[in-house]
Amino acid sequence: MAHDTPDPQRGRVSDHPPRSLHVHPLPSLVRPEDLEGGVVVAIDVLRATTTIVAALAAGCRGVIPVLTVDDARDRAKDFSRGEYLLIGERQGEPIPGFDLGNSPGDFVADACWDRTAICTTTNGTRAILHAARASSVLIGSFVNFSAICEELRSGDAPIHLLCAGTNGQVSLEDMLFAGAVVEFFATGYDVGLNDSARIAWDTHEHHGHVLVAALELGAGGKRLLELGLDVDLKMAADVDRFCLVPQFDPTTGMITARTAHFDSRFFLGDSGLYG
């Protein structure tokens, strides 16, 4: 016999259990094995996931996330010199000897076309690799917000929004993005939220509609402003700049992207979330 499940978001009753949608404010707050069977969206708005999307949009064949600077240099040995880029940062600043830092605006076709980027960052690449046991690992940021929501909407696996945080602390910008995704699903679909998802949703409701100003409030945004990288912050807030769905393949260690294909009956630009 079917069990009706109350829907607290919309006050109605569904005929089947809601789809699980959990937010994890830090990788340390979820075990890798708890992500098995689900689809993970790795989130580091300032700036790793924003930059990865930009690199793929600029023509990189793929992006390989690694933990350390030494790991990046070791992985580069698999390529001829003209085939790869070393990219990344430590504490917001470019790594000496690397080709590019972590500023999304630096990733243009002249630098990226047909090259593989090998990437290490303070927080974001760690979050991506933490999710390797999931059924699917997507790379999300505001610059590909609608593409990620459409990809998630088309499936039925549990959703895990995995925030990278900043040096082991919860970051405002990652929770804002997670909250935007939660708001989209919770106001239109039957989902079961954990407490962190509700906190993220509240964060987005209070701060997310003035996005650049909201990003400036967090520690990550303040650090970028200190470094004179306000242009990076503004690009990270450029909602739907790209229509790409980047996906990490743990078997190859590479992130590649495909263009999102929107259902003709559905487009987030009409949702009012950022319109």
Side-chain angles (χ1 to χ4, degrees), residues 7-10 18-27 29-30 35 38-46 48-50 52-53 124 127-128 130-131 134-165 170-211 214-215 218 236-248 257 260 262-263 266-275:
D7 182 352
Q9 285 81 38
R10 296 188 301 281
R19 186 180 182 187
S20 173
L21 198 173
H22 287 184
V23 170
H24 308 288
L26 291 170
L29 297 178
V30 60
L35 303 175
V39 54
V40 170
V41 181
I43 305 162
D44 185 6
V45 172
L46 298 176
T49 56
T50 299
I52 288 169
V53 179
I128 295 166
H130 188 81
S135 293
S136 177
V137 183
L138 308 178
I139 308 302
S141 196
F142 286 107
V143 295
N144 67 332
F145 173 71
S146 291
I148 288 296
C149 286
E150 170 66 0
E151 181 72 12
L152 294 173
R153 188 186 73 89
S154 65
D156 58 7
I159 298 169
H160 297 274
L161 305 180
L162 180 62
C163 301
V170 177
S171 64
L172 175 62
E173 62 271 9
D174 294 349
M175 291 292 277
L176 280 169
F177 177 82
V181 176
V182 171
E183 180 168 329
F184 167 71
F185 276 95
T187 55
Y189 297 89
D190 192 13
V191 289
L193 307 179
N194 69 347
D195 286 358
S196 293
R198 295 184 181 282
I199 292 169
W201 190 5
D202 285 346
T203 300
H204 178 261
E205 285 191 330
H206 284 286
H207 296 287
H209 296 280
V210 188
L211 194 51
L215 296 185
D238 189 0
V239 178
D240 288 345
R241 183 184 182 104
F242 305 113
C243 192
L244 291 180
V245 181
Q247 185 167 3
F248 174 58
F262 291 93
D263 190 310
F266 166 87
F267 185 69
L268 276 185
D270 298 327
S271 71
L273 207 56
Y274 285 106

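When reading the values below, keep in mind they use all heavy atoms of this one structure, side chains included, and skip hydrogens, waters and symmetry mates.
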* Structure fact -> Rounded to the nearest 0.5 Å, the CZ atom of R153 sits from the OG atom of S146 at a distance of 11.5 Å
* **Separation between OG of S141 and CD1 of I148, rounded to the nearest 0.5 Å** => 9.5 Å
* **4.5 Å side-chain heavy-atom contact, L193 and V23** => no
* Structure fact -> Output for pair (F177 CZ, L46 CG), nearest 0.5 Å, gives 12.5 Å
* Asked: With distance as the sole test, does T49 use its side chain to make a donor-acceptor pair with the main-chain N or O of G140 at under 3.5 Å?
  -> yes
* Side chain of H130, backbone of P27: donor and acceptor closer than 3.5 Å? -> yes
* Asked: Which heavy atom of L26 sits nearest a heavy atom of A164, and at what distance?
  -> CD2-O, 4.0 Å
* Polar side-chain atom of D202 near backbone of I199 as donor-acceptor pair, under 3.5 Å -> no
* To do: Measure the spacing between CZ of F142 and CG of D240 and express it to the nearest 0.5 Å.
  => 10.5 Å
* Is N144 reaching over with its side chain to a backbone N or O of A260, donor-acceptor style, under 3.5 angstrom? -> no
* To do: Drop me the distance from L211's CG to L176's CG, to the nearest 0.5 angstrom.
  => 6.5 Å
* Asked: Donor-acceptor pair, T50 side chain versus V45 backbone, under 3.5 Å?
  -> yes
* Asked: Parallel under 30°, tilted from 30 to 60°, perpendicular over 60°: which one fits the rings of H24 and H22?
  -> perpendicular
* **Polar side-chain atom of R19 near backbone of G155 as donor-acceptor pair, under 3.5 Å** => yes
* Sequence-distant partners of D174, side-chain hydrogen bond (donor to acceptor under 3.5 Å, both in side chains), two or more places apart -> S171
* List for me each residue that meets salt bridge (charged side-chain N to carboxylate O under 4.0 Å, His left out) alongside R241, sequence neighbours excluded, and say none if there are none. => D238
